Amino acid sequence: MRQLIESSDVEKISFADHALLKNLCGENDKHLKLIENLEPVKVKAWGNNITISGQDGVVRKVSTLLQQLYAIMEKGWHLQSSDIDYAHRILSEDIHFELANIFLDTVFISSQKRVITPKSIAQRLYIEYMRNYDMIFSIGPAGTGKTYLAMAMAVSYLLERKVQRIILARPAVEAGERLGFLPGDLAEKVNPYLRPLYDALYDMIDMERASALIGKGLIEVAPLAFMRGRTLNDAFIILDEAQNTTSEQMKMFLTRLGFNSKAIITGDITQVDLPMDKTSGLIEAEKILKKTESIRFVYFSEIDVIRHPLVQDVIKAYARSEKQKSTNSNK
């Protein structure tokens with residue numbers, strides 16, 4: 001790949017492998033059209049070349065985007081339309097960031113043969129922390145991969161025999177509902193709260209194998225209350241929806257950690273469903289433990305949302321609304 005012509009508003013790039021270039025452009029140039037929707041540029045492919053026209057700074061960003069994606073494809077990456085959006089978001093944060101550090105960092109290959117990799121700078125940092133620290137708090141809105149990546153890392157650790165079991169926990173009281181008012185026996189009462197954890201698990205490994213691991217006790221999915229009085233050794237432990245723990249529950253959970261174990265605590269502090277007179281254990285833990293050297297906090301925002309693009313717009317709109325309410329209440 002060789003850069004031939006560059007000016008303040010036009011850049012022409014030549015690519016050596018025509019087949020890779022076709023994949024980079026997408027069927028009927030759909031990837032180039034997506035880039036044109038993301039940035040005010042014109043991107044045209046002809047022969048083994050791509051020409052980018054627009055303002056100098058934008059042309060540079062798009063040129064970097066295309067050249068880095070091509071380099072990743074040379075190493076075997078199969079490019080999809082969603083990768084264009086992820087890569088653009090990453091370079092919009094940091095134009096000098098090496099996309100290969102994210103796209104080629106395989107966390108886990110699921111039973112569906114899908115390669116699970118980080119999709120943002122924050123996700124890459126999250127994975128690095130999970131590899132190198134034993135207690136990590138991940139805080140941010142829904143759809144940012146907090147639980148999903150933790151689950152992928154947990155399954156990877158279990159299958160590689162780095163831990164002996166996975167423990168997945170969630171508070172079982174949310175949105176003002178209490179278990180006693182729900183129909184059914186205890187298992188039927190708590191199952192709706194644990195379903196998202198099962199869904200993520202079944203996305204990693206097929207249901208038959210997951211059921212076998214659960215039956216052997218190698219994977220345990222349980223309400224947080226079931227953790228009381230236990231010491232959890234040789235385990236990868238995930239506490240999901242931690243914003244809905246009370247102060248007492250959070251302290252209880254954090255003190256369960258045993259030898260050769262990791263604890264990942266995930267939550268969204270803007271979605272606390274506890275009664276007004278209860279302090280969120282996640283918010284309190286953040287204040288108390290933020291400066292503890294051996295514990296790491298990673299924060300996600302709307303730019304890390306890996307769902308339909310509309311989800312980012314919804315999160316931004318609600319954030320603006322909350323800010324406006326706060327401003328009005330302070331007047």
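Treat the numbers as computed from the prediction; the structure is a model and nothing was measured. Along the sequence shown, residues are numbered consecutively beginning with 1.
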Are [X] and [Y] side-chain neighbours, meaning at least one heavy-atom pair lies under 4.5 Å?
{"X": "Ile205", "Y": "Val155", "answer": "yes"}
{"X": "Asp56", "Y": "Asp9", "answer": "no"}
{"X": "Arg170", "Y": "Leu224", "answer": "no"}
{"X": "Ile265", "Y": "Phe253", "answer": "yes"}

Ion pair [X]/[Y], N-O distance below 4.0 Å:
{"X": "Lys42", "Y": "Glu36", "value": "no"}
{"X": "Arg165", "Y": "Asp234", "value": "no"}
{"X": "Lys119", "Y": "Asp304", "value": "no"}
{"X": "Glu220", "Y": "Arg230", "value": "yes"}

Using every non-hydrogen atom in the two residues, find where [X] and [Y] come nearest and quote the distance to one decimal.
{"X": "Ile102", "Y": "Ile121", "result": "CD1-N, 3.8 Å"}
{"X": "Val298", "Y": "Ala122", "result": "CG2-O, 3.8 Å"}
{"X": "Arg296", "Y": "Glu293", "result": "NH1-O, 2.5 Å"}
{"X": "Ser301", "Y": "Thr144", "result": "O-CG2, 3.6 Å"}
{"X": "Val305", "Y": "Ala142", "result": "CG2-O, 3.9 Å"}
{"X": "Gln243", "Y": "Asp268", "result": "OE1-N, 3.1 Å"}

Using only atom types and a distance under 3.5 Å, with no angle test, would you say the side chain of [X] pairs donor to acceptor with the backbone of [Y]?
{"X": "Glu39", "Y": "Val58", "result": "no"}
{"X": "Glu93", "Y": "His88", "result": "no"}
{"X": "Gln249", "Y": "Thr246", "result": "yes"}
{"X": "Ser156", "Y": "Ala152", "result": "no"}
{"X": "Asp83", "Y": "Gln80", "result": "yes"}
{"X": "Gln271", "Y": "Pro141", "result": "no"}
{"X": "Ser261", "Y": "Leu257", "result": "no"}
{"X": "Asn244", "Y": "Asp273", "result": "yes"}
{"X": "His18", "Y": "Asn48", "result": "no"}
{"X": "Asp206", "Y": "Arg209", "result": "yes"}

What pairs meet the salt bridge (Lys or Arg N to Asp or Glu O under 4.0 Å) rule with one or both residues in residues 134-162, with sequence neighbours excluded? Asp134-Lys262, Glu160-Lys162

Salt bridge (Lys or Arg N to Asp or Glu O under 4.0 Å): which pairs involve residues 244-253, sequence neighbours left out?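 For residues 244-253: none.
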
Nearest 0.5 Å please: distance from the [atom1] atom of [X] over to the [atom2] atom of [Y].
{"X": "Leu168", "Y": "Leu239", "atom1": "CG", "atom2": "CG", "answer": "10.5 Å"}
{"X": "Ile50", "Y": "Leu32", "atom1": "CD1", "atom2": "CG", "answer": "5.0 Å"}
{"X": "Asp29", "Y": "Lys22", "atom1": "CG", "atom2": "NZ", "answer": "10.5 Å"}
{"X": "Trp46", "Y": "Cys25", "atom1": "CH2", "atom2": "SG", "answer": "12.5 Å"}
{"X": "Asp105", "Y": "Thr117", "atom1": "CG", "atom2": "OG1", "answer": "8.0 Å"}
{"X": "Phe103", "Y": "Ile90", "atom1": "CZ", "atom2": "CD1", "answer": "5.0 Å"}

Determine the sole option in Leu66, Asn37, Leu34 for which the side chain to side chain contact (heavy atoms under 4.5 Å, CB included) test with Ile84 is passed. Leu34

Quick one: ring-ring contact (aromatic ring centres under 6.0 Å, His included) partners of [X], sequence neighbours excluded?
{"X": "Tyr157", "result": "Phe236"}
{"X": "Phe108", "result": "none"}
{"X": "Phe297", "result": "Phe137"}

By the rule that ILVMFWY residues connect when side-chain heavy atoms come within less than 4.5 angstrom, directly or transitively, which residues belong alongside Ile109? Val115

With a 3.5 Å cut-off and no angle check, do the side chains of [X] and [Y] form a donor-acceptor pair?
{"X": "Asp240", "Y": "Thr266", "result": "yes"}
{"X": "Glu284", "Y": "Thr279", "result": "no"}
{"X": "Asp17", "Y": "Tyr70", "result": "no"}

